[in-house]
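Note that these values count all heavy atoms, side chains included, but never hydrogens, waters or copies made by symmetry. Here the structure is a predicted model, which is why all the values come from computation and not from measurement.
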2 protein chains.
Amino acid sequence: MATPSDSPPGSAHAVYATLRHRFSNGEYAPGQRLTEAALAADLGVSRTPVREAIGRLLTDGLVVPAARGVAVAALTPAEAEHLFTLRADLEALAAELAASRQALGMLAPAEITALDLAVDRVEEAVNAHDPRASAQANLALHRAIGAAAGNPFLEDALHRVWDRIAVTTVANLDDPHWAGAITEQHRAIVAGIRAGDPEVARKAAKTHIEAAGRAYRPAP
Amino acid sequence: MATPSDSPPGSAHAVYATLRHRFSNGEYAPGQRLTEAALAADLGVSRTPVREAIGRLLTDGLVVPAARGVAVAALTPAEAEHLFTLRADLEALAAELAASRQALGMLAPAEITALDLAVDRVEEAVNAHDPRASAQANLALHRAIGAAAGNPFLEDALHRVWDRIAVTTVANLDDPHWAGAITEQHRAIVAGIRAGDPEVARKAAKTHIEAAGRAYRPAP
DNA sequence: GGAGCGATGATTGCATGCAGCGTATACTGG
DNA sequence: CCAGTATACGCTGCATGCAATCATCGCTCC
């Protein structure tokens, strides 16, 4: 909900940003326990800012109260389904808004070009069978679409969903059928945006995320 | 994003919940500055948990960094528009999911009855020209719809949007045309849910929130 | 040998202390 | 009377200290 332009100073926010970044990179295993002292030592600050950051992660749902403090939140199959349902709608809205802005001439040509480029990068990474790079390139593309929507609150909601999913996922791209479909679907979304057709873009995005949800298999 | 079933213990979370509740009740004026010491004294705890709670409010965007600490976030017209755009889509999804669950027999008859009752309460409050009660009853209805959707992540996203809007709003219900339309639109949403028709429910909800967005005028 | 129980250790949760910083106020000079 | 400046106060931000709590490990008893 915070407009991303804010960059509050302070060690607490830095710790929070760092941890959030680590989560979205899947650097922590689900169920792993986090201790304040260890993080404080790791990040070179005292326990207080770490404590604040963990509190924020708690409200984000990225960590859950555990026996002795907090643990990295896992994702039950039901939760994953709920997340993808929400994500499908949010990304559909993002694509729709991006297309609307394009129709109104509010998107720079460079932004559209960047979308094409991002699609290419995903394709390359998938063809190279590099799951890590694929996930990152894929996220970059979707982030770019979210940015093109021009709605900071939507972007924030998307980030929350992505981060929550990213904890447990290295996207399942070894399914050859899904790997083949992903680029085609990406191109359909971008085509809808480029054409300035909100309905087409929305449907393409929704279809894509629903397919991604079916392909997703949470780590055990 | 936090599944609402979690209820982390601790004074920090209690402070956060209290403040969040106050915000959603509009108890703080936009721009008002909040000091840790005053809140700590008010709530009978030390500055530390207050500090943590304020940190969470910062990431929620409900407060913004100010000269001397934090101030209650105001809402620019552009932000309000973005919020209502997102809200329209989220509530549309909520109504759609609620209708789907109804079609699958997953909604208890008591839930449907509660929706009807909530609509009636909004109507009464609006007819009584009680803006405060109207806003609360309206929020209660929308919360009920959100709950009927059965998706905790969607509920959380909705709460974030509502709270962000609630800071500056006591809904503008003195517009007689809007006041007359609101109950009709509410009934349309509930009718769609009761009929188990996701498309009808979605469109009704979207139409309603878009109308609400037009009627909304942020406090100066 | 297994199970129950107690002690110890680690870790959280909150309070307080202290330094740094910015704001506001009061005072002085023009 | 107004403007400029210096001082002092309030407030934040972080670190540390202390008490309470819970898990784990080892011991004893059956």
Side-chain angles (χ1 to χ4, degrees), chain A residues 2-3 5-23 27-74 167, chain B residues 2-3 5-23 27-74 167:
Chain A
T3 46
S5 54
D6 302 328
S7 60
S11 184
H13 186 266
V15 172
Y16 173 67
T18 301
L19 289 180
R20 186 106 185 229
H21 187 258
R22 290 188 180 177
F23 270 85
E27 295 183 26
Y28 293 116
Q32 179 177 347
R33 278 190 39 208
L34 298 179
T35 69
E36 297 177 3
L39 287 173
D42 182 14
L43 299 172
V45 295
S46 91
R47 274 179 49 217
T48 305
V50 171
R51 196 176 163 62
E52 283 188 40
I54 289 183
R56 303 191 196 189
L57 293 176
L58 266 172
T59 74
D60 289 341
L62 291 175
V63 298
V64 293
R68 209 89 197 93
V70 298
V72 178
V167 171
Chain B
T3 47
S5 54
D6 301 329
S7 60
S11 183
H13 186 266
V15 171
Y16 174 67
T18 300
L19 289 180
R20 186 107 185 229
H21 187 257
R22 289 188 181 179
F23 270 84
E27 295 182 27
Y28 292 116
Q32 178 177 347
R33 279 189 38 209
L34 298 179
T35 69
E36 298 177 1
L39 287 174
D42 183 14
L43 299 173
V45 295
S46 93
R47 275 179 48 220
T48 305
V50 171
R51 195 176 164 61
E52 283 188 41
I54 288 182
R56 303 192 195 187
L57 293 176
L58 267 172
T59 73
D60 290 343
L62 291 175
V63 299
V64 293
R68 209 94 201 92
V70 298
V72 179
V167 171

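Against DNA chain D, the stretch residues 33-43 of chain B makes heavy-atom approaches under 4.0 Å through B/L34, B/T35, B/E36.
Considering only residues two or more places apart in sequence or on other chains, B/E27 meets the side-chain contact (heavy atoms from CB on, under 4.5 Å) condition with B/R22, B/N25, B/R132. Here B/R47 pairs with B/E36 under the salt bridge (charged side-chain N to carboxylate O under 4.0 Å, His left out) rule; sequence neighbours left out.
Pairs of residues two or more places apart, or lying in two chains, that qualify as ring-ring contact (aromatic ring centres under 6.0 Å, His included) and include a residue from residues 28-58 of chain B are B/F23-B/Y28. Among pairs with a residue in residues 33-55 of chain B, none fulfils ring-ring contact (aromatic ring centres under 6.0 Å, His included), at least two apart in sequence or across chains.
Between the CZ atom of A/R51 and the C1' atom of C/dG13 there is a distance of 5 Å, given to the nearest Å. For the pair B/R47 CZ and D/dT16 P, the computed distance is 16 Å after rounding to whole Å.
Contact record, A/L19 with A/A53: CD1-CB, 4.3 Å, taken as the closest heavy-atom pair. Closest non-hydrogen pair, A/A73 versus A/V64, comes out as CB-CG1, 3.9 Å.
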Atom pairs, protein N/O to nucleotides 20-22 of chain C N/O, distance under 3.5 Å:
unit_1: C/dC21; atom_1: O2; unit_2: B/R68; atom_2: NH2; d: 3.4

Full working for side-chain contact (heavy atoms from CB on, under 4.5 Å) between B/V15 and B/V45: CA-CA 9 Å; B/V15 171; B/V45 295; 4.1 Å; yes

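Considering only the side chain of A/S46, D/dA15 comes nearest among C/dA15, D/dA15, C/dG17. Picking from C/dA15, C/dC14, C/dC18 the nucleotide with the shortest atom distance to the side chain of B/T48 gives C/dA15.
With a 4.5 Å cut-off on side-chain heavy atoms, B/R20 and B/R56 do not count as touching.
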